Protein chains: 2
Amino acid sequence: MVQQVKFGEDMKRIKNVRIKDVAEKAEVSTATVSHVINGNKYVSEKIKNKVNTVLRELNYQPNSAARSLRSTKTNTIGLIIPINSEDTSKSFFMSIAEGIEEKLKSKGYNLILSNSKEDSEQELNLIKMFKTKVDGLILAPTNENFKAINETIDHNFQTVMIDRLPVGYKGDYVLVDNFQGTYEGINELIKSGFKKIGFLSSGLGVNTSSDKFEVNKERSNNRMYINPNNERFQAYKVALSDNKLNFNPNYVLFGESSFQSGYDLAKQLISKGVDAIFIANNIMAMGSVKFIQEQKLIIPDGIGMIGYDNYDWTEIISPPLSAIKQPAFEIGVQASELMLNRIQNPTAGFQHIKLKTENLKRSSY
Amino acid sequence: MVQQVKFGEDMKRIKNVRIKDVAEKAEVSTATVSHVINGNKYVSEKIKNKVNTVLRELNYQPNSAARSLRSTKTNTIGLIIPINSEDTSKSFFMSIAEGIEEKLKSKGYNLILSNSKEDSEQELNLIKMFKTKVDGLILAPTNENFKAINETIDHNFQTVMIDRLPVGYKGDYVLVDNFQGTYEGINELIKSGFKKIGFLSSGLGVNTSSDKFEVNKERSNNRMYINPNNERFQAYKVALSDNKLNFNPNYVLFGESSFQSGYDLAKQLISKGVDAIFIANNIMAMGSVKFIQEQKLIIPDGIGMIGYDNYDWTEIISPPLSAIKQPAFEIGVQASELMLNRIQNPTAGFQHIKLKTENLKRSSY
DNA sequence: ACCATCAAGTTAATCGATTAACTGATGATG
DNA sequence: CATCATCAGTTAATCGATTAACTTGATGGT
């Protein structure tokens with residue numbers, strides 16, 4: 001029932017096949033067609049076959065607006081990731097998105113992708129806009145305005161947080177155990193004989209400066225960390241302390257997430273006499289490596305290094321850089337699973353997933 | 001008018017505010033509210049203010065399913081990209097997606113992202129599914145089944161192709177001038193004194209093997225290339241010929257897009273005596289570099305190299321790798337612009353955009 | 001033979017916003 | 001003063017699928 005309709009001058013536009021067209025051609029009611037499609041009421045084999053034949057003949061595709069309107073399900077999930085163009089996190093979050101899309105597609109869901117650019121105002125706008133467009137939201141929250149987010153996300157909305165956690169958030173989430181990986185990494189540096197270990201990272205988010213150096217004695221497992229960078233920093237301090245090494249605030253530098261900043265801060269650390277550097281951020285690691293190479297410092301004899309996340313380049317520099325690898329794709333898969341479960345069963349208890357990092361020992365320590 | 005509704009056990013669910021609720025509270029008709037929101041009919045200042053106040057008070061958000069159903073606009077654009085997990089193209093297409101999302105968001109549109117995984121069957125399913133969900137489709141088509149795609153994309157659907165082009169496709173597209181960049185790159189290698197230049201690439205798609213080595217005399221501008229890899233290959237041949245160098249089929253290797261394949265094929269080329277390699281693909285370039293480094297070959301004295309696309313790693317290996325850079329983000333921006341234009345004016349003439357690559361001369365030739 | 005039950009479809013209300021057609025009031029015009 | 005245009009807002013049809021409630025005919029137990 002592909003109808004031709006006049007449109008503009010002489011242009012023709014094909015009107016979509018409706019369920020009514022199918023019903024008429026198959027000589028049944030629209031209800032029956034719907035039942036055949038959705039399989040939620042018994043329909044005899046004979047009629048089912050007839051309808052299915054017509055469905056194929058007309059190449060029918062249900063109008064999803066109508067469907068959503070009536071059923072209040074959009075079969076769509078929103079994803080908000082926070083990437084600045086210059087940022088290291090791009091590839092990390094894109095792998096997460098890939099994992100989400102793959103899982104969702106297999107269950108008949110779609111993914112709407114959006115970028116908050118690490119800006120909490122944009123984030124709130126996006127959340128608001130998503131309200132009537134999606135069945136659920138997977139969110140890597142920005143570092144500010146947690147309260148506002150908590151208010152905006154009401155019970156109309158299934159939510160799964162990833163990578164970071166708003167304080168006081170009650171709900172499903174998938175995080176990476178950044179403490180564990182970092183702790184092990186620092187430990188290994190120490191085992192290899194390094195004693196003056198520098199720590200390089202991008203910012204901790206909003207509540208950074210005041211308590212930046214307040215040592216937290218508890219371990220990751222019992223605590224809810226706001227932010228992966230902070231978690232890594234805590235792990236760094238605990239690992240030092242567990243190895244009876246002094247924590248030296250001069251060996252810790254936070255800067256913006258850029259190549260240049262990595263270059264500059266590595267320079268500073270070296271001038272302060274560190275013998276190894278842990279870099280909690282990919283693009284800063286690149287900047288640091290550049291500086292080290294320019295200085296003709298020998299890795300690992302002159303200086304030890306560990307980076308974060310297993311980017312391509314870590315394998316082909318010489319020597320290959322050891323790294324802590326986050327399971328990005330897997331975060332996406334797990335987050336979608338939580339989401340789909342919650343949609344199916346909204347009253348179930350909240351699920352908290354913490355994925356392990358992988359410690360890739362290469363030749364840089 | 002936030003209503004509490006019983007839901008399950010004791011759980012409460014907040015029902016969304018409808019336009020009717022707004023109308024009642026503002027003591028006007030739903031039509032008036034709609035006019036205020038969409039501004040397509042004159043409403044007096046007085047009433048407009050009253051309505052706007054209520055809109056804010058109730059934090060009203062239009063139900064987009066209802067809106068789409070009535071207006072037949074979804075305000076959503078679909079994007080299908082073709083990435084295999086192992087593939088080099090991941091970062092390229094993700095940057096395109098970023099550009100698209102940014103542009104669309106600024107115009108009030110959403111982006112549904114999906115991955116065909118370079119599989120034409122999945123691609124067709126996605127296209128079909130998108131039919132009632134989006135106003136338009138931005139597509140980087142797979143290499144097979146062009147005919148099927150052309151049939152499936154009917155006039156219900158605005159389409160913009162990116163990166164690749166189905167033969168015979170009539171419509172908007174945004175491509176990269178791969179010929180130009182490659183041609184210049186090869187030329188520069190030759191100018192630097194290299195004479196036996198190898199060419200490494202991933203496959204050409206379906207119609208590869210038969211005419212793989214058939215030299216095409218025409219230039220890019222007058223020709224419609226199916227596939228960027230092919231375009232690069234053509235440019236390679238033309239550049240050789242323009243420099244009176246013989247084309248040696250033994251110096252050309254196509255393989256799968258993987259690190260290992262890059263490693264292996266570089267090995268083969270070297271053993272065949274090439275003095276420079278042009279690698280049309282990021283991950284294969286990584287593999288090649290790995291092999292070169294292992295062999296302690298000196299770049300560029302021992303061997304010249306040019307890679308494709310400006311990935312992070314190309315800057316920090318020593319020496320930094322020269323590369324042809326595609327304007328990925330810009331492809332996304334331009335494609336979205338074409339799309340939005342076409343939605344506004346469906347009968348306008350088709351637009352064809354071909355973006356220039358950037359030639360990043362570093363120290364590898 | 002009688003009524004209850006079930007099986008297999010159908011009828012029609014419904015979701016929420018848009019928008020063509022309409023109403024009533026005001027004002028301009030010859 | 002009758003007539004018509006314009007203005008500002010309202011009424012109600014409509015988009016297409018889902019689904020609760022209903023119909024109709026068949027089955028079966030006592």
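Here is the naming used below: chain letters follow the sequence lines, and residue numbers restart at 1 for every chain. Values below: every heavy atom of this structure, side chains too, minus hydrogens, waters and symmetry copies. Just so it is clear, the structure is predicted and the values come from calculations on it, not from any experiment.
Taking atom CD of B:Glu45 as the reference point, atom C1' of D:dC7 lies 15 Å away to the nearest angstrom. Protein atom NZ of A:Lys46 is 12 Å distant from nucleotide atom C1' of C:dA8, rounded to whole Å. Taking atom CD1 of residue B:Ile47 and atom P of nucleotide D:dC7, one finds them 17 Å apart after rounding to whole Å.
Screening residues 52-71 of chain A for salt bridge (Lys or Arg N to Asp or Glu O under 4.0 Å) gives A:Lys25-A:Glu57 as the qualifying pairs, with residues at least two apart or on separate chains.
With sequence neighbours left out, A:Lys105 forms a salt bridge (Lys or Arg N to Asp or Glu O under 4.0 Å) with A:Glu101. The salt bridge (Lys or Arg N to Asp or Glu O under 4.0 Å) test applied to B:Glu27 returns no partner, not counting sequence neighbours. Looking at residues two or more places apart in sequence or on another chain, you find no side chain to side chain donor-acceptor pair (under 3.5 Å) involving A:Thr72. Every residue two or more places apart in sequence or in another chain was checked for a side chain to side chain donor-acceptor pair (under 3.5 Å) with B:Asn75, and none qualifies. Partners of B:Asn115 according to the side chain to side chain donor-acceptor pair (under 3.5 Å) rule, which considers only residues two or more places apart in sequence or in another chain, do not exist here. Qualifying salt bridge (Lys or Arg N to Asp or Glu O under 4.0 Å) partners for A:Glu330, counting only residues two or more places apart in sequence or in other chains: none. In this structure, the side chain to side chain donor-acceptor pair (under 3.5 Å) partners of A:Ser64, at least two apart in sequence or on a different chain, are B:Thr132.
Note on A:Ile37: nothing from the nucleic acid sits closer than 4.0 angstrom, heavy atoms only. A:Val43 comes within 4.0 angstrom of the backbone, heavy atoms only, and of no base.
In terms of modelled atom types and a separation under 3.5 Å, the side chain of A:Asp135 and the main chain of A:Thr74 share a donor-acceptor contact.
For the helix from C:dA1-D:dT30 to C:dG30-D:dC1, the end axes, each set by the C1' atoms of five terminal pairs, are bent relative to each other by 50° (nearest 10°).
Side-chain N/O atoms of B:Ser44 include none lying less than 4.0 angstrom from OP1 or OP2 on D:dC7.
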Compile the donor-acceptor pairs under 3.5 Å between side chains in residues 45-53 of chain A and protein atoms, sequence neighbours left out, one pair per line.
from: A:Asn49; atom 1: ND2; to: A:Glu45; atom 2: O; distance (Å): 3.3
from: A:Asn52; atom 1: ND2; to: A:Lys48; atom 2: O; distance (Å): 3.2
from: A:Thr53; atom 1: OG1; to: A:Asn49; atom 2: O; distance (Å): 2.7

- In B/S/- notation (B base, S sugar-phosphate only, - none; protein heavy atoms under 4.0 Å), nucleotides 10-17 of chain C written 5' to 3' is BB-BBBBB

Short heteroatom pairs, N/O only, protein and nucleotides 24-26 of chain D, under 3.5 Å:
none

- Query: So B:Ile353 and B:Asp172, side chain to side chain contact (heavy atoms under 4.5 Å, CB included) or not? Walk me through it.
  - Reply: CA-CA 8 Å; B:Ile353 294 181; B:Asp172 299 311; over 6 Å; no

